[in-house]
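Below is one structure, written out as structure tokens; comments come after it.
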Amino acid sequence: MEQYNRNDAEAVSIRKKIAQLQTMNEDIVINDVISIEDVRRFEEQQNIKLPQDYVWFITNVGNGGTWDDGMRPFYPLADTYYSSEALPDHKWGEERFALDVLSKGCTDSIGLFLKGEHYGDISSDCEGLAHYHPHRVHGFKEFYIKWLDEALLGYSSLFVQYRHYGTIEENLEEYRSCHDIDLLYSIIQKIITPDGSEQFTQDVHDCFVSETTNENKIVLMHILKKLGYDDMFSLLKEVFIPENYDTIISDLYFGLYFAEKWDPNKIVKDAGKYYQMLVSIMNHHEYLKERNNFERCFKMTVINPRFWAEDIIGILTSDDKEIVKYLATWVDQKELLDRVGQYVEMAKAKYNKA
């Protein structure tokens, strides 16, 4: 069988792009085409009508292979499967609502709606349920071509929910005029390694400084972090309000504060800069009710080179049942006990009396 339709200029153009991508990632594969007779036979057997652009693609360009990092299947027609409709109340909807054609890994896939107002559009499937997102592309062919264009630019390609196509620079320029947060999510999903240009990083920082919507500001901060911006302390100071404490603690705990878990000899050199932030969060009454974050904040505060017990004495001597329980039953790392051991013993006495 002919590998692809060499008489169709668009098919030739797409295959050239695939060949170019294969020079960058040899694991990318495109199969031979399938005949239109085989397609019609499949439709008749399954009692469905496939979108026209998808039929064109698998009969002119290629019927399956691999895509993205070369490890994710682009299913041949015979190996595709169905998703059900995702209803607003999360109950199972009508069977065979969408045809899943590309794997995103695990239980996630990308498919095509076979019914409803979005017939032929891209669906996003998770655990057997098809969801519609405003992908800003219509149909399989457009999706695949734009994936190719972005893959050739070196962008990550798995996330389609918020995806705006084009370069990260183009997405940011559009964001400046409309402040659509989906454009920011689109940027952050495309960045694989911190290799953005200095000018782009500066442009993102300018947007971050001038942004007044808190949610957008947080996403801009995370874009800067992913770009390798080297002054995270100034960014965290800019967003340091109670509603962001959860995000701040997460960023410190998982990315900035410790080079190695609980090894005081491997704390990053500028950890002391964040100490006052930690103390402020520890002394924020409402925040103390969030157990996981309280635990993280407590550990980071106590292990900090600038730690002084008097700064959080209200916590260490608290009569709050949850805090007493935490101090009495969960504080067992030697590095912590060396600094707050006497308060842990006090908490144990309170806990045993309760």
Side-chain angles (χ1 to χ4, degrees), residues 14 18 21 25 27-34 38-39 42-43 45-59 61-151 155-165 182 185-186 188-190 192:
I14 294 172
I18 294 172
L21 185 59
N25 185 342
D27 293 325
I28 300 293
V29 174
I30 187 73
N31 296 340
D32 291 347
V33 298
I34 190 174
D38 286 339
V39 172
F42 180 90
E43 290 178 320
Q45 291 172 348
Q46 299 293 320
N47 191 28
I48 60 172
K49 182 65 176 175
L50 294 170
Q52 184 175 347
D53 70 321
Y54 174 68
V55 172
W56 175 88
F57 193 96
I58 62 177
T59 58
V61 180
N63 177 37
T66 60
W67 75 296
D68 194 61
D69 58 3
M71 301 298 291
R72 305 181 194 280
F74 165 20
Y75 302 113
L77 180 60
D79 294 338
T80 56
Y81 56 95
Y82 297 99
S83 291
S84 298
E85 183 177 12
L87 299 174
D89 58 3
H90 302 292
K91 293 181 180 179
W92 288 85
E94 188 176 358
E95 292 296 324
R96 299 157 64 92
F97 189 73
L99 185 73
D100 292 322
V101 297
L102 296 166
S103 172
K104 291 199 294 181
C106 297
T107 61
D108 292 352
S109 62
I110 294 170
L112 302 168
F113 286 108
L114 299 178
K115 299 180 180 180
E117 62 177 315
H118 299 299
Y119 174 83
D121 276 346
I122 298 297
S123 68
S124 179
D125 171 278
C126 182
E127 299 184 346
L129 294 177
H131 300 263
Y132 176 74
H133 304 284
H135 300 307
R136 301 166 182 87
V137 292
H138 298 286
F140 180 81
K141 181 172 71 172
E142 185 178 350
F143 173 85
Y144 195 92
I145 291 172
K146 289 191 173 180
W147 162 70
L148 269 176
D149 290 340
E150 292 203 333
Y155 292 150
S156 175
S157 307
L158 290 181
F159 302 98
V160 297
Q161 288 93 322
Y162 306 102
R163 199 166 190 81
H164 288 245
Y165 288 84
D182 283 359
Y185 284 125
S186 182
I188 203 168
Q189 289 163 357
K190 291 176 183 178
I192 302 175

*Evaluate side chain to side chain contact (heavy atoms under 4.5 Å, CB included) for D38 paired with L77, printing each intermediate quantity in order.*
CA-CA 9 Å; D38 286 339; L77 180 60; over 6 Å; no

*Let me see the working for L148 and I14 under side chain to side chain contact (heavy atoms under 4.5 Å, CB included), right down to the final yes or no.*
CA-CA 8 Å; L148 269 176; I14 294 172; 3.9 Å; yes

If you round to the nearest 0.5 Å, how far is [atom2] of [Y] from [atom1] of [X]?
X	Y	atom1	atom2	answer
D27	D68	CG	CG	11.5 Å
I30	T66	CD1	OG1	8.5 Å
D108	S124	CG	OG	6.5 Å
D32	N63	CG	CG	9.0 Å
Y75	L102	OH	CG	8.5 Å
L21	I28	CG	CD1	5.0 Å

Taking side chain as C-beta onward, heavy atoms only, is [X] less than 4.5 Å from [Y]?
X	Y	result
F143	I110	yes
V61	W56	yes
Q46	R96	yes
F97	L114	no

*Please report the C-alpha distance between V101 and T80 in whole Å, then the side-chain angles of each, then the deciding distance to 0.1 Å, and finally whether the side chain to side chain contact (heavy atoms under 4.5 Å, CB included) criterion is met.*
CA-CA 5 Å; V101 297; T80 56; 3.9 Å; yes

*asked:* Would you say the ring centers of F57 and Y144 fall short of 6.0 Å from each other?
replied: yes

Quick check: closest heavy atoms across [X] and [Y], and the distance to 0.1 Å?
X	Y	value
G120	P51	CA-CG, 3.7 Å
V55	E43	CG2-OE2, 4.5 Å
G139	D121	N-OD1, 3.8 Å

_The single option from F140, W67, Y54, W147 passing ring-ring contact (aromatic ring centres under 6.0 Å, His included) against F74_ = F140

*asked:* Checking D100 now: which residues fulfil side chain to side chain donor-acceptor pair (under 3.5 Å) with it, not counting sequence neighbours?
replied: S83, S109

Does [X] use its side chain to pair, donor to acceptor, with the backbone of [Y] at less than 3.5 Å?
X	Y	result
S186	D182	no
E142	H138	yes
R72	K104	yes

*Evaluate side chain to side chain contact (heavy atoms under 4.5 Å, CB included) for V29 paired with I18, printing each intermediate quantity in order.*
CA-CA 8 Å; V29 174; I18 294 172; over 6 Å; no

*Do other residues, nucleotides or ligands put more than 12 heavy atoms under 6.0 Å from the CD atom of Q52?*
no

*When you check the gap from the basic side-chain N to the acidic O, do K146 and E150 get nearer than 4.0 Å?*
no

